[in-house]
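Below, read A as the first sequence line, B as the second, and so on, with proteins coming before strands; counting in each chain starts at 1.
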Amino acid sequence: KAGVTQTPRYLIKTRGQQVTLSCSPISGHRSVSWYQQTPGQGLQFLFEYFSETQRNKGNFPGRFSGRQFSNSRSEMNVSTLELGDSALYLCASSSSGGASGELFFGEGSRLTVL
Amino acid sequence: GENVEQHPSTLSVQEGDSAVIKCTYSDSASNYFPWYKQELGKRPQLIIDIRSNVGEKKDQRIAVTLNKTAKHFSLHITETQPEDSAVYFCAASDYGGSQGNLIFGKGTKLSVKP
């Protein structure tokens with residue numbers, strides 16, 4: 001069974017630009033969660049999608065958005081990038097949602113904002 | 001919302017010693033408490049979890065204890081080995097409740113010295 005795939009793995013952007021990250025979950029998983037990982041801050045929850053609907057949202061500004069397609073693939077978008085958005089963005093898939101069962105993480109997309 | 005505090009942020013032990021990482025949570029409705037291990041440059045992976053109807057769970061050298069009254073839970077690693085060196089994250093969620101998503105602590109960097 002293929003694992004969670006995230007693309008791109010690395011990207012460099014400048015302030016003010018926008019970025020779109022993609023996540024393909026494990027086949028059969030309907031839940032995709034997104035986390036921002038920065039040194040010292042751990043894993044901060046961005047949002048969770050389940051069957052194309054946003055089920056939960058963390059405390060991030062509206063510049064952070066996401067969506068999920070009918071094949072469960074998910075994208076997250078960050079508009080008007082700021083230096084503080086530099087981080088590793090992890091997506092995780094699960095069959096029912098991380099709140100009740102195991103999350104399977106991708107390798108992440110490392111975003112650098114200059 | 002839920003808040004998870006994790007201590008210590010760094011922990012160094014000699015090979016063969018035990019290691020204990022402690023977490024506290026704020027939402028008494030939380031009922032699922034997983035622990036994830038993230039090796040350097042790798043993705044986080046679930047190592048053990050516990051639900052609120054259980055006070056302790058063991059899996060070989062690792063164990064987790066939960067005190068719902070005090071709202072804290074701990075990870076215990078016995079007979080530590082160099083391959084246990086990693087960052088460990090605790091998390092809490094109230095599946096089916098107001099949040100239904102995992103909130104992570106900020107992580108503990110464990111170093112096991114041979």
Side-chain angles (χ1 to χ4, degrees), chain A residues 2-7 9-10 23-26 29-51 53-60 64 66 74 87-110, chain B residues 1-10 21 23-27 29-54 57 59 64 86-110:
Chain A
V4 178
T5 304
Q6 290 188 247
T7 58
R9 292 290 315 282
Y10 303 90
C23 173
S24 293
I26 290 172
H29 284 186
R30 297 163 66 187
S31 168
V32 173
S33 300
W34 288 89
Y35 288 87
Q36 182 194 66
Q37 184 172 24
T38 54
Q41 292 301 310
L43 297 162
Q44 294 186 282
F45 175 73
L46 283 155
F47 28 65
E48 183 208 1
Y49 286 87
F50 186 86
S51 294
T53 300
Q54 187 181 85
R55 191 157 68 172
N56 288 293
K57 190 177 190 305
N59 296 322
F60 278 80
F64 292 81
S74 177
L88 180 67
Y89 290 88
L90 290 164
C91 92
S93 77
S94 67
S95 56
S96 59
S100 61
E102 183 172 2
L103 286 176
F104 294 86
F105 283 89
E107 293 186 287
S109 293
R110 185 166 295 282
Chain B
E2 176 64 278
N3 183 53
V4 177
E5 300 282 342
Q6 183 171 348
H7 300 280
S9 57
T10 61
I21 302 170
C23 290
T24 60
Y25 60 98
S26 61
D27 189 345
S30 288
N31 55 17
Y32 176 62
F33 308 92
W35 287 85
Y36 283 78
K37 174 184 180 183
Q38 186 177 31
E39 297 177 14
L40 188 63
K42 303 279 185 68
R43 66 192 81 189
Q45 290 188 300
L46 178 72
I47 55 172
I48 194 167
D49 58 12
I50 191 168
R51 299 183 189 274
S52 59
N53 58 345
V54 176
K57 185 177 180 180
D59 184 3
V64 58
V87 178
Y88 292 82
F89 294 97
C90 64
S93 84
D94 64 337
Y95 176 64
S98 61
Q99 287 193 229
N101 52 266
L102 272 181
I103 301 300
F104 284 85
K106 294 186 177 181
T108 296
K109 184 177 182 180
L110 173 64

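- Of the two parts of A:Leu43, the backbone and the side chain both hold a non-hydrogen atom closer than 4.5 Å to a non-hydrogen atom of chain B.
- With a 4.5 angstrom heavy-atom cutoff, B:Gln38 touches chain A only via side-chain atoms.
- Between A:Ser33 and B:Leu102 the shortest side-chain heavy-atom distance does not fall below 4.5 Å.
- Across B:Gln45, B:Lys42, B:Lys109, B:Arg43, the residue that shares the most heavy-atom pairs under 4.5 angstrom with chain A is B:Arg43.
- With A:Tyr35 as the partner, the ring pair (Phe, Tyr, Trp, His ring centres under 6.0 Å) test is satisfied by one option alone out of B:Phe89, B:Phe104, B:Tyr36: B:Phe104.
- More than 12 non-hydrogen atoms from other residues, nucleotides or ligands lie less than 6.0 angstrom from NZ of A:Lys57.
- Contacts between A:Gln37 and chain B at a heavy-atom distance below 4.5 Å involve the side chain alone, from C-beta outward.
- For A:Asn59, the CG atom counts as loosely surrounded, since its 6.0 Å shell holds 12 or fewer non-hydrogen atoms of other residues, nucleotides or ligands.
- For A:Gln54, the CD atom is densely surrounded, since the number of other residues' heavy atoms within 6.0 Å is greater than 12.
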